[in-house]
Amino acid sequence: MQHVCLAGLLVLLSAGPPEGQPKPVPLVHGRDTTYITEPLDKAGRIDYLRAFDEARSKGVTRENNAAAKLAEVVDFGLRKDEHDVDLFYERLGFAAPPKPGDDAFVDFDDLREVYSRTDELDSPVRDGAAERKRILAALKTHGVDIPDTPDTFDAIDLFGDAQIASTDGPWRPDDSPIAAAYLSLNQRALDVAVEASRRDRFYLPESQIGPEVKVRMNSSVLGGGSSVRHIVRGLCVRSMRRLDQGNFQGARSDLLAMQRLGNLYTQRRTVIGALIAISIDALWLGAIKDMAVSDKLNAEQARTLRDDVRSLRHEIPFRQIISQGERFYALDTVQWLDDPVLWKQFLDPPDFFKNFMPPALPNAPFLDQYLDRNAVMRRVNSHYDNLDRRIADKHWNLDADDLIAQGERVDAMAKPIARMMYDMAFWQRFSMPFGVNRKQLVTDRISRFHDDLITGTLANIAKLIRRIETRRDLTQVALTLAIYRADHGMYPAGLHALTPRFIKAVPNDRYDKKGGPLRYRRQGDGYVLYSVGPNGIDDGGERSTLDSEDLDKDDIAVEAE
């Protein structure tokens, strides 16, 4: 999303010949403009990525860094043509890049690619041929038939179904031979992940290289998030298998490691890092919910998991995310908007922008002629300072209705963004309305764009957190129902039967504007427990699918058969 936004800014600013050849305004280093004044790169600009990297690495050692432990079995998606691999591992504390060999973690996608013969699994720390051989042996050992000419699309369905089956509840090898092969390959890697989760820091060095990299904070956006999510999913698969085997303590150990790894990943200090942590929280709560509706938990085990759900939450460092990760990214983008090499990368805009940009864009614009970067930076810093003050307020609540409403207003304004960008390009190319300063207009539009971007992003996170907290409420009640069933041999007729012996009070539905409790009804031998969802309408626990006649149903539900 950030790349698309940057592309849009560069394209819209590239329209129009110079009018009177205004002189570019030099960038001023200071607290109100660049926020930090060092370190500087060779061109004399602020090296935000280096500053961000140094701030996150303070106090980190190989012994306390969860990422360093994970690096023994995970390659974090490194590629030699994009990363300084040796420097990356040196900063993690390794004398040389490790060679995981048979301990290397493999995801379902790796299995599918080997099965489909579409990839050699090459990476700086893996032997692709040996990895392929190991995966093929595991698939065959568990009875997975590999055709001579596998269909890639059939393989996507086959391995996708195996992934779903092994994370949606307790399972057996006969249920999914692919999942059994996956688990046999990853036992050691998952043990390493559990050990890593017990550390208290998570730091991955920034390692993107190449002189063509201008907005260097771009390289910090993802930062190994996919690798962490994959190995967390592996822990989910193993926890489900262990529960089926009657190994509750082993299953809980994997569940706790999932939650801890998600919490550690928030130390990336970026919005993307927060979103990845939230997605891991969703996977963790989903796994516990699926255990709750199975017949594998006794009353004591259900109580233990309920205590975990109540007490464990991700502590997302929003002040650091705002004041470092997101502020640095915004300022880094603005300081490079006058660079000809940067905008040339976007001179041929995506089809989306071509639909509304004026034809025949000039070939040699200089963006700084119509952009006061210092003014934009002052506006950006002022906005982030205001956000920082709000977050520091002890009464600040990211789940608050006012923040979500503010984000919805931003979304509403963003809908005609194509029209707005077209207008900007039009007024740059042709004459301005009387009394309007071209540089002031461009500067104001870019400033407001950054203001709205972070406000809308925080509002979207607020929506996700409200959904996660609703799932937490549902999971706690589902575990309470499991306790009741263990004691009574059946589920209750209504949630009132749970209070006060099994639960002090049924949680209110966070989406119910009248403040009512979560809904519940018996269904056969099981039940449906649900929230009315974001639309606030009781749809009976149903959520629309692509095949639904009514696409507006959005209840959030737990179902037990």
Side-chain angles (χ1 to χ4, degrees), residues 1-4 56 65-83 85 88-89 92 97-98 100 103-114 116 118-126 128 131 135 156 159-160 162-164 166-167 182 185-186 189-190 192-194 196-197 202-208 217-238 257-284 286-287 314 316 321 325 329 461 464:
M1 179 63 184
Q2 288 169 312
H3 295 285
V4 173
R56 291 187 305 105
N65 187 6
K69 188 63 183 176
L70 286 177
E72 296 176 9
V73 293
V74 175
D75 65 12
F76 291 110
L78 297 177
R79 294 294 177 265
K80 285 186 176 180
D81 58 337
E82 298 177 357
H83 304 92
V85 176
F88 176 87
Y89 284 102
L92 281 179
D103 290 342
F105 177 76
V106 295
D107 190 47
F108 280 100
D109 289 343
D110 297 327
L111 271 67
R112 175 181 53 78
E113 289 169 352
V114 169
S116 304
T118 58
D119 188 67
E120 290 295 332
L121 303 176
D122 289 330
S123 84
V125 294
R126 292 195 193 186
E131 191 84 330
I135 291 173
I156 292 174
F159 285 81
Q163 177 179 306
I164 293 171
S166 59
T167 54
Y182 167 88
L185 287 164
N186 287 321
L190 296 177
V192 169
V194 172
S197 75
F202 187 95
Y203 164 70
L204 283 176
E206 308 299 345
S207 60
Q208 187 164 340
M217 284 296 292
N218 271 336
S219 69
S220 180
V221 170
L222 293 178
S226 295
S227 298
V228 173
R229 280 189 296 183
H230 288 165
I231 206 161
V232 164
R233 185 167 54 206
L235 290 167
C236 180
V237 171
R238 190 169 72 173
M258 291 170 65
Q259 202 278 339
R260 288 193 299 261
L261 284 174
N263 207 36
L264 284 166
Y265 197 78
T266 64
Q267 295 181 27
R268 288 292 299 167
R269 302 184 188 178
T270 63
V271 162
I272 295 296
L275 293 175
I276 289 173
I278 291 171
S279 72
I280 291 173
D281 211 16
L283 182 60
W284 177 66
H314 289 159
I316 300 177
I321 288 173
Y329 177 83
I461 291 178
L464 289 174

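Only heavy atoms go into these numbers, but all of them, side chains included; no hydrogens, no water, no symmetry mates.
Using a 4.5 Å heavy-atom threshold, the side chains of Val228 and Phe202 count as touching.
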Item to complete: For Gln163 and Val237, run side chain to side chain contact (heavy atoms under 4.5 Å, CB included): C-alpha distance rounded to whole Å, both residues' side-chain angles, the deciding distance at 0.1 Å, then the answer.
Response: CA-CA 8 Å; Gln163 177 179 306; Val237 171; over 6 Å; no
Discussion item. I'd like to know whether Leu111 forms a side chain to side chain contact (heavy atoms under 4.5 Å, CB included) with Leu185, so could you lay out the CA-CA distance, the side-chain angles of the two residues, the decisive distance to 0.1 Å, and finally the verdict.
Written reply: CA-CA 10 Å; Leu111 271 67; Leu185 287 164; 4.0 Å; yes
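Among residues two or more places apart in sequence or in another chain, the salt bridge (charged side-chain N to carboxylate O under 4.0 Å, His left out) test is passed with Glu72 by Lys69. For Glu113, the side-chain hydrogen bond (donor to acceptor under 3.5 Å, both in side chains) test picks out no residue, with sequence neighbours left out. Not counting sequence neighbours, Phe105 has no partner by the ring pair (Phe, Tyr, Trp, His ring centres under 6.0 Å) test. The ring pair (Phe, Tyr, Trp, His ring centres under 6.0 Å) check on Phe108 picks up Tyr182, with sequence neighbours excluded. Applying the side chain to side chain contact (heavy atoms under 4.5 Å, CB included) rule to Ala287 yields the partners Cys236, Met240, Leu255; only residues at least two apart in sequence or on another chain are considered. Listed by chain and residue number, Asp109 satisfy the salt bridge (charged side-chain N to carboxylate O under 4.0 Å, His left out) test with Arg112 (two or more places apart in sequence, or in another chain). Residues that satisfy the side-chain hydrogen bond (donor to acceptor under 3.5 Å, both in side chains) test with Tyr89, not counting sequence neighbours, are absent from this structure. For Ala257, the side chain to side chain contact (heavy atoms under 4.5 Å, CB included) partners two or more places apart in sequence, or in a different chain, are Val194, Ser197, Leu235, Arg260. With sequence neighbours excluded, the residues that form a side chain to side chain contact (heavy atoms under 4.5 Å, CB included) with Ile278 are Ile316, Ile461, Leu464, Ile465, Ile468. Among residues two or more places apart in sequence or in another chain, the side-chain hydrogen bond (donor to acceptor under 3.5 Å, both in side chains) test is passed with Asp110 by none. Judged as a side-chain hydrogen bond (donor to acceptor under 3.5 Å, both in side chains), and not counting sequence neighbours, the contacts of Asp281 are Arg472.
Listed by first and then second residue, the salt bridge (charged side-chain N to carboxylate O under 4.0 Å, His left out) pairs that reach into residues 225-234 are Asp107-Arg233, sequence neighbours excluded.
Distance OG1/Thr266 to CD1/Ile321: 7.0 Å, rounded to 0.5 Å. Residue Tyr265 holds its OH atom at 8.5 Å from CD1 of Ile280, rounded to the nearest 0.5 Å. In this structure, CG in Leu70 is found 10.0 Å from CG in Leu92, a value given to the nearest 0.5 Å. Separating the CG atom in Asn186 from the CG atom in Asp103 is a distance of 10.5 Å, to the nearest 0.5 Å. Atom CD of residue Gln267 and atom OH of residue Tyr203 lie 12.5 Å apart, to the nearest 0.5 angstrom.
Between the side chain of His230 and the backbone N or O of Val106 there is no donor-acceptor pair closer than 3.5 Å.
Here the closest non-hydrogen pair linking Leu264 and Ala66 is CD1-CB, 3.7 Å. For the residue pair Met258 and Val232, the shortest heavy atom distance occurs at CG-O, 3.8 Å. The heavy-atom pair separating Val74 from Ser227 by the smallest distance is CG1-CB, 3.5 Å. For the residue pair Ile231 and Ala189, the shortest heavy atom distance occurs at CD1-O, 4.0 Å. In terms of heavy atoms, Ala104 sits closest to Glu131 at CB-OE2, 3.8 Å. Between Leu261 and Ala193, the shortest heavy-atom contact is CD1-O, 4.2 Å.
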